[in-house]
Each structure stands twice: as C-alpha cells, then as structure tokens.
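Okay, so here's the structure we're looking at.
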Amino acid sequence: VQLQASGGGLVQPGGSLRLSCAASGIIFEIGDMVWYRQGPGNQRELVARISSGGGSTNYGDSVKGRFTISRDNAKNTVYLQMNSLKPEDTAVYYCNAAIRIYRSNPWRNFWGQGTLVTVSS
C-alpha cells in the first residue's frame with residue numbers, strides 16, 4: 001500500500017490550495033483519513049480528520065473555518081481544501097490512513113511522503 005500526496009506549492013497569503021492524497025495497492029478497507037503538518041521547528045500536528053464514510057470530520061483549532069477535508073472512496077483519495085492561507089500555515093503536509101489489506105488483517109497506519117506548502121508574499 002502506498003499513499004501519494006500532491007498539490008503543495010508556493011501561494012501568497014490569502015490564497016488557496018487543494019491537497020490530494022491517493023491510496024493505492026491491495027486495499028480491502030480504508031478507515032479514518034487524516035492530514036497532519038509539521039512546520040519549521042514545530043512538532044507534527046493534526047490538521048483534519050475524516051471518518052470512513054465521510055460523515056464525521058474534525059479540525060485543528062488553527063485551521064477551523066478555513067480548511068475543509070473531504071474524501072472520494074471510489075478513488076481511495078482524501079482532499080484538503082485550504083483557503084485564506086496564512087504564513088503560519090507553511091509546513092510539510094502529510095496524509096495518514098488506517099487501512100486493512102484483507103478482511104482478516106488488522107488495521108494498519110500508512111503515511112504519505114509529505115507535500116510542502118509555502119505561504120509567502
């Protein structure tokens with residue numbers, strides 16, 4: 001199983017970006033999908049989480065009202081729409097997913113490689 005994150009880049013303050021993270025490989029079921037980030041000199045922090053069916057979401061306090069997490073289960077993909085970006089949103093963004101490879105297997109956590117978001121004028 002691999003998670004491939006994409007969509008990062010350089011954006012001006014107040015701008016928007018949309019991150020994607022696609023899971024591929026042998027997958028029976030994907031549970032919660034989560035975006036984390038780690039800025040310069042900071043610890044990794046939770047940005048947003050979405051449940052397996054997409055009906056439940058939660059966000060870190062610093063991004064509430066600006067970021068939206070969503071998923072497309074047909075594509076095994078999670079998205080992060082980021083609006084009103086601020087310089088303090090600059091970080092490497094990582095996706096994480098709980099995945100069962102086969103019905104009889106336990107849940108395992110998988111990580112994407114990270115995508116860099118830089119917010120600067």
Side-chain angles (χ1 to χ4, degrees):
V1 175
Q2 287 189 327
L3 295 181
Q4 181 69 44
S6 61
L10 174 64
V11 63
Q12 292 187 341
S16 298
L17 278 177
R18 188 193 196 206
L19 305 183
S20 301
C21 178
S24 61
I26 299 174
I27 297 171
F28 172 73
E29 183 179 7
I30 303 177
D32 287 2
M33 302 185 84
V34 188
W35 285 99
Y36 291 86
R37 70 184 181 186
Q38 187 165 14
N42 295 333
Q43 291 186 330
R44 191 171 294 190
E45 64 172 336
L46 185 145
V47 177
R49 179 193 306 270
I50 187 166
S51 61
S52 57
S56 177
T57 59
N58 60 280
Y59 297 89
D61 288 342
S62 61
V63 306
K64 284 179 181 177
R66 299 188 298 122
F67 291 10
T68 302
I69 190 170
S70 61
R71 65 191 287 168
D72 184 338
N73 285 341
K75 298 180 179 179
N76 290 338
T77 300
V78 63
Y79 305 97
L80 185 69
Q81 178 66 43
M82 305 185 295
N83 298 330
S84 303
L85 283 161
K86 305 175 181 180
E88 50 264 44
D89 294 318
T90 295
V92 178
Y93 285 71
Y94 299 91
C95 57
N96 170 278
I99 295 175
R100 283 199 292 173
I101 297 175
Y102 296 105
R103 179 190 295 270
S104 60
N105 281 30
W107 292 98
R108 288 180 54 193
N109 267 310
F110 291 87
W111 289 88
Q113 83 286 5
T115 184
L116 176 63
V117 173
T118 302
V119 185
S120 175
S121 55

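Count residues from 1 along the sequence. What you are looking at is a predicted structure, and each value in this text was computed from that prediction instead of being measured.
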- line: So CZ of Arg66 and OG of Ser16: to nearest 0.5 Å the spacing works out to 10.5 Å

task: Drop me the distance from Gln81's CD to Leu17's CG, to the nearest 0.5 angstrom.
output: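 If we round to the nearest 0.5 Å, Gln81:CD and Leu17:CG are 8.5 Å apart.
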
Is [X] linked to [Y] within one hydrophobic cluster, defined over Ile, Leu, Val, Met, Phe, Trp and Tyr using a side-chain heavy-atom separation of less than 4.5 Å?
X: Val63; Y: Val119; result: yes
X: Tyr79; Y: Met82; result: no
X: Trp35; Y: Phe110; result: yes
X: Met33; Y: Tyr59; result: yes
X: Ile99; Y: Tyr102; result: yes

For the side chain of [X] and the backbone of [Y], is there at least one donor-acceptor N/O pair under 3.5 Å apart?
X: Arg71; Y: Asp32; result: no
X: Gln38; Y: Ala91; result: no
X: Asn76; Y: Ser24; result: no
X: Ser121; Y: Gln12; result: no

- request: Can you establish whether the number of heavy atoms outside Arg108 located under 6.0 Å from its atom CZ is more than 12?
  value: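 12 or below, so no.
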
query: For atom CD of Gln2, is the number of surrounding heavy atoms from other residues, nucleotides or ligands below 6.0 Å larger than 12?
result: no

Is [Y] close to [X] at the side-chain level, that is, under 4.5 Å between some pair of heavy atoms?
X: Leu85; Y: Phe67; answer: yes
X: Asn83; Y: Thr68; answer: no
X: Asn105; Y: Phe28; answer: no
X: Leu10; Y: Ser120; answer: yes

- prompt: Using 30° and 60° as the class limits, which term best fits the ring planes of Trp111 and Tyr94: parallel, tilted or perpendicular?
  reply: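 Trp111 and Tyr94: perpendicular rings.
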
field: Candidates Leu3, Leu19, Thr77 - the one meeting side chain to side chain contact (heavy atoms under 4.5 Å, CB included) with Cys95
entry: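 By the side chain to side chain contact (heavy atoms under 4.5 Å, CB included) criterion, Cys95 pairs with just one of Leu3, Leu19, Thr77: Leu3.
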
task: Evaluate the criterion side-chain contact (heavy atoms from CB on, under 4.5 Å) for residue pair Ile101 and Val1; output intermediate values, then yes/no.
output: CA-CA 8 Å; Ile101 297 175; Val1 175; 4.1 Å; yes

Would you name the heavy atoms of [X] and [Y] that are closest together and state the gap between them?
X: Gly55; Y: Ser51; result: N-OG, 3.4 Å
X: Val117; Y: Gly8; result: CG2-CA, 4.1 Å
X: Thr57; Y: Gly54; result: CG2-O, 4.5 Å

message: Using the rule given for side-chain contact (heavy atoms from CB on, under 4.5 Å), can you reason through Arg37 versus Ser62, listing the C-alpha separation, both sets of side-chain angles and the distance that settles it, and then say yes or no?
response: CA-CA 12 Å; Arg37 70 184 181 186; Ser62 61; 3.1 Å; yes

Candidate pair Ile30 and Asn73, rule side-chain contact (heavy atoms from CB on, under 4.5 Å), full reasoning: CA-CA 8 Å; Ile30 303 177; Asn73 285 341; 5.8 Å; no

- prompt: Between Asp89 and Lys86, is there a salt bridge with N-O shorter than 4.0 Å?
  reply: no

